[in-house]
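Notes to accompany the following structure.
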Amino acid sequence: MKSIEIMENEHENIRRMLKVVREFSHRVMVGGEFDLEDMPKIIDFIRVYADKHHHGKEEDILFKTMNEKIHKLREAGSITGMYIEHDLGRLYMQELEMAIEAYKEGKDKARLDIIANAVGYTNLLERHIQKENMAMYKFAEKMLEDEDKNYIEEEAGKIEKEAENKGLQEKYINILEKLESKYL
Ligand SMILES: [Fe+2]
Ligand SMILES: [Fe+2]
């Protein structure tokens, strides 16, 4: 399915940002060079590209359809697990934002919360992406009827197009590349 190929590609871009986040966190830990003003850019990428755009397609289209149409998965709670992990990711971002504010106010111990939430997020998302690539997306390809696959292709395609018209993908890949060249 083309929509799944695109989502796997988005996973790779998200993973690239996770590497930046780990490097940034390490610099916070060892007192290396980091620009605090890059954090809002990272959080924006995670909230808009990874969460609103990518998780949005999963939650509203792909996983929603799988939950409705694949009884085995629904009964096992597999899809619910994915939603819970998306939520946990949002919590990490909220806490990270608060930690950055505290650090800016001069609370040096807020470094701990920056590192804990940033690295916690990367670990969560790495495992989450692996589960989706290895299991959830494979289940979709194997277990959904053609009619449902067509529906997903069409709906995800619309979102992709709308985002493209707004230049969303381009904007966030650009942010990603700039941060990679600065930190990696
Ligand atoms: Fe997901
Ligand atoms: Fe995903």
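Each ligand, and each atom within it, is numbered from 1 in the order the structure gives.
For the pair E145 and K69, the salt-bridge criterion is not met [side-chain N within less than 4.0 Å of a carboxylate O]. Salt bridge E23/K19: absent, no basic N to carboxylate O contact under 4.0 Å.
Vertex the Fe ion (ligand 2); arms to H54 NE2 and H11 NE2; angle rounded to 10 degrees, 90°.
Between K57 and E160, the closest side-chain pair of non-hydrogen atoms falls below 4.5 Å.
Because the distance cut-off is set at 2.8 Å, H86 qualifies as a neighbour of the Fe ion (ligand 1) through one of its N, O or S atoms.
When distances from the Fe ion (ligand 2) to the N, O or S atoms of E132 are compared, OE1 comes out shortest. Taking the N/O/S atoms of E58 in turn, the shortest distance to the Fe ion (ligand 2) belongs to OE2.
Atoms CD1 and CD, from I6 and E153 in turn, are 8.0 Å apart once rounded to the nearest 0.5 Å.
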